[in-house]
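Shown next, in structure tokens, is the structure this report addresses.
Numbered from 1 within each chain, the chains take letters A, B, ... in sequence-line order.
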Protein chains: 2
Amino acid sequence: MRHLLPLHYIDTVARSGSIRRAADKLAITSTALNRRILAMEEELGVPIFERLPRGVRLSTAGELMIQHIRSQIADMERVKSQIADLSGARRGHVSIVCGQALMPHFVSEQIALYRREHPAVTFSVRVCDRKEAIEQLTSFDADIAMVFEPFRTAEFHPLGRVEQPLRAIMAASHPLAEKKKLGWSDLLSTSVVLPTPSNGMRYLLDDAMLRKGDVLKQVIESDNHDFIKNYLIHEHCVSFQLPIGLGAEGEILSREIEQRVVPHGNLYVAQLKGRILPVAAALFGHAVVKELEARYAAPVELVNPVDAIQ
Amino acid sequence: MRHLLPLHYIDTVARSGSIRRAADKLAITSTALNRRILAMEEELGVPIFERLPRGVRLSTAGELMIQHIRSQIADMERVKSQIADLSGARRGHVSIVCGQALMPHFVSEQIALYRREHPAVTFSVRVCDRKEAIEQLTSFDADIAMVFEPFRTAEFHPLGRVEQPLRAIMAASHPLAEKKKLGWSDLLSTSVVLPTPSNGMRYLLDDAMLRKGDVLKQVIESDNHDFIKNYLIHEHCVSFQLPIGLGAEGEILSREIEQRVVPHGNLYVAQLKGRILPVAAALFGHAVVKELEARYAAPVELVNPVDAIQ
DNA sequence: TCAGCATATGCATTTTATGCATCACTGCAG
DNA sequence: CTGCAGTGATGCATAAAATGCATATGCTGA
């Protein structure tokens, strides 16, 4: 929309950290962009950017401004999506961030399902850790986040939650594959491959190790679950995965872990607090929550018992 | 701000109901305005206004758009006020609607108090009934509403509440002035002057009459409390007022009414739900709530008992 | 049918935004 | 210390956009 072009300009400069770089992205000259920013600052009465020798940085006022700007741009998208919805055809774009490499199986399935109903809705999916996920929400770059054991912040507004117990995964030939349920001693008896600390599963595992006062024999750490899964074929190690991230059982099997050893974690579907989502995003989020709760029976809601009854 | 000029144009047209009238207010020609609107509709892909023989009216899409526009404009004000606050000087404007003619005594006092601290903050005060008050909030024309027994709607977000029992007012020479506390039979024994039905006090009185199956001897109905108060000097009638609306006792006295006869009502200070108020408005609202609760002991909060303890 | 008032549109003019060339400044590598 | 690369700011000519005037067009109600 034309009228928020100036806002988009400022947003781009803030993201680029330099007027010239932003000007390149926006396909205008740096002088034009510079002058628009000077004009905006003139209007506002205070500088939006601090001028540094190697570019610009948001001032305190600019921080306030940029939040406003991003919310306005996102809200305009919402309005457009609602207007499009009036004429029957649901259109728009849904931007999703999901916490780990485990989600894509589920997410891709859900997106395909949604797009079968509404082919005019487009999607973008990014995988990142839970801290980044919340940043993406607050910067209005993502509409919906799906994360495991997120940091609780004021910005985070859960749309739904399901419990996910950690499961141990290993090659079919691994000795522990003969047991149905693994205890702490079983885990100690083998080498393990752990996800990086930014991962929610790692958080639960570190916590378990701290409580037990014992450390697992970690041989490899990786942020890529595909790599981990492939590695298990070559060496008799154990790693971990959530039920939702498990594919079909083939060379790699999964086994239950006793709950008192590693407590169950929570998988959240969430949006930015206070924001009204575009129609498509809101409905997709709703559909995902419904499906999750159908697959993994919704836990009893502790915050408000009355709601759980309905 | 320049970038929301187009939005302001649309807002003005929506309020004026005609492009020409809006153009006059905006001090531009109707052709220029017309073309900007056509351009916006082009961009949006759907008409914002329905063209009628006697002007224009918002289309369904326009209704969505205008809500967005007003929130944008109001939110920009908020940002400006927050930025102004950064540099120490609190500036800005607070727009208040109060439910009845009873409030102005209290409100004027509170505004004076606030302005003594922050002389750069300006105020506008409008008196209207509770239905209009909520409309003013939703159209972003008012930041804060102070109303007695409002309609409960989803848009209404209470910042504070105090109980206000109705009191009977009358001339000092009225026979009932000799009693300290009036019952239903006392009220039936005299003529009464009632506020109009849009008034929250009237709502409680009508309710009482319905329950008792008896009607008061209403001789005059008026929406103007000053008129009512003056009239009581000339004829021995009884009327009603809230404690907060009572001035100093002179020719007109007030007497308590038994609670089981007319139940206590609630006075609310409220804002539009989901909106973030400008700094000045938020702090003024807070100050008012605090003062009200100091004067009329805050009632026990029923919704969430935990909060009341703190 | 016609007067009255509404929105739309063609065209000349004014205002605004853009691009080019250039300046002034800073940090860094040699 | 010096030159280089990279930054934002500014003067001026040009391109684009908004505006105003005159006028067309469309509808209602008497």
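Cation-pi geometry between B:R90 and B:Y114 is not met at under 6.0 angstrom from the ring centre and within 45 degrees of the axis. Cation-pi geometry between B:R115 and B:F284 is not met at under 6.0 angstrom from the ring centre and within 45 degrees of the axis.
Rounding to whole angstrom units, CG of residue B:L33 and P of C:dA6 are separated by 13 Å. A straight line from CD1 of A:I19 to P of C:dT18 spans 14 Å, rounded to a whole angstrom. Rounded to whole angstrom, the span from the CD atom of B:E50 across to the C1' atom of C:dA6 amounts to 15 Å. Taking atom CZ of residue B:R57 and atom C1' of nucleotide C:dA6, one finds them 15 Å apart after rounding to whole Å. Rounded to an integer number of Å, the gap from CG of B:L5 to C1' of C:dT15 is 14 Å. The distance between atom CD of B:E42 and atom C1' of C:dT9, rounded to the nearest whole Å, is 14 Å. Between A:N34 atom CG and C:dA17 atom P there is a gap of 14 Å when expressed in whole angstrom units.
Exactly one of A:V279, A:I276, A:L277, A:I83 qualifies for a side-chain contact (heavy atoms from CB on, under 4.5 Å) with A:R78. That residue is A:I276. Of the residues listed (A:V107, A:D143, A:I96), the one engaging A:F123 in a side-chain contact (heavy atoms from CB on, under 4.5 Å) is A:I96, and it is the only one.
A salt bridge links B:R51 with B:E41; the closest basic N to acidic carboxylate O contact falls under 4.0 Å. Checked for salt-bridge contact, B:E50 and B:R57 meet the test: a charged N lies under 4.0 Å from a carboxylate O.
If you check every strand for non-hydrogen atoms under 4.0 Å, A:L52 touches nothing. Residue contacts for A:R20: at a heavy-atom cut-off of 4.0 Å it reaches a base atom on one of the strands shown. Backbone-only engagement by A:I28 is indicated by non-hydrogen atom pairs under 4.0 Å involving sugar-phosphate atoms exclusively. Contact annotation for B:S30: no contact, since no heavy-atom pair falls under 4.0 Å across all strands.
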*A:D24/A:R20 under salt bridge (Lys or Arg N to Asp or Glu O under 4.0 Å): CA gap, chis, key distance, verdict*: CA-CA 6 Å; A:D24 284 346; A:R20 293 177 109 99; over 6 Å; no
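Both A:R54 and A:R35 lie close to DNA chain C; mapped to their nearest nucleotides by heavy-atom distance, the more 5′-ward contact belongs to A:R35. Along DNA chain C, the nucleotide nearest A:P53 and the nucleotide nearest A:T29 are compared for position; the residue whose nucleotide lies closer to the 5' end is A:T29.
Chain B approaches DNA chain D over the interval D:dA18 to D:dT28, counting the first and last nucleotide 5' to 3' with an atom under 4.0 Å from its heavy atoms.
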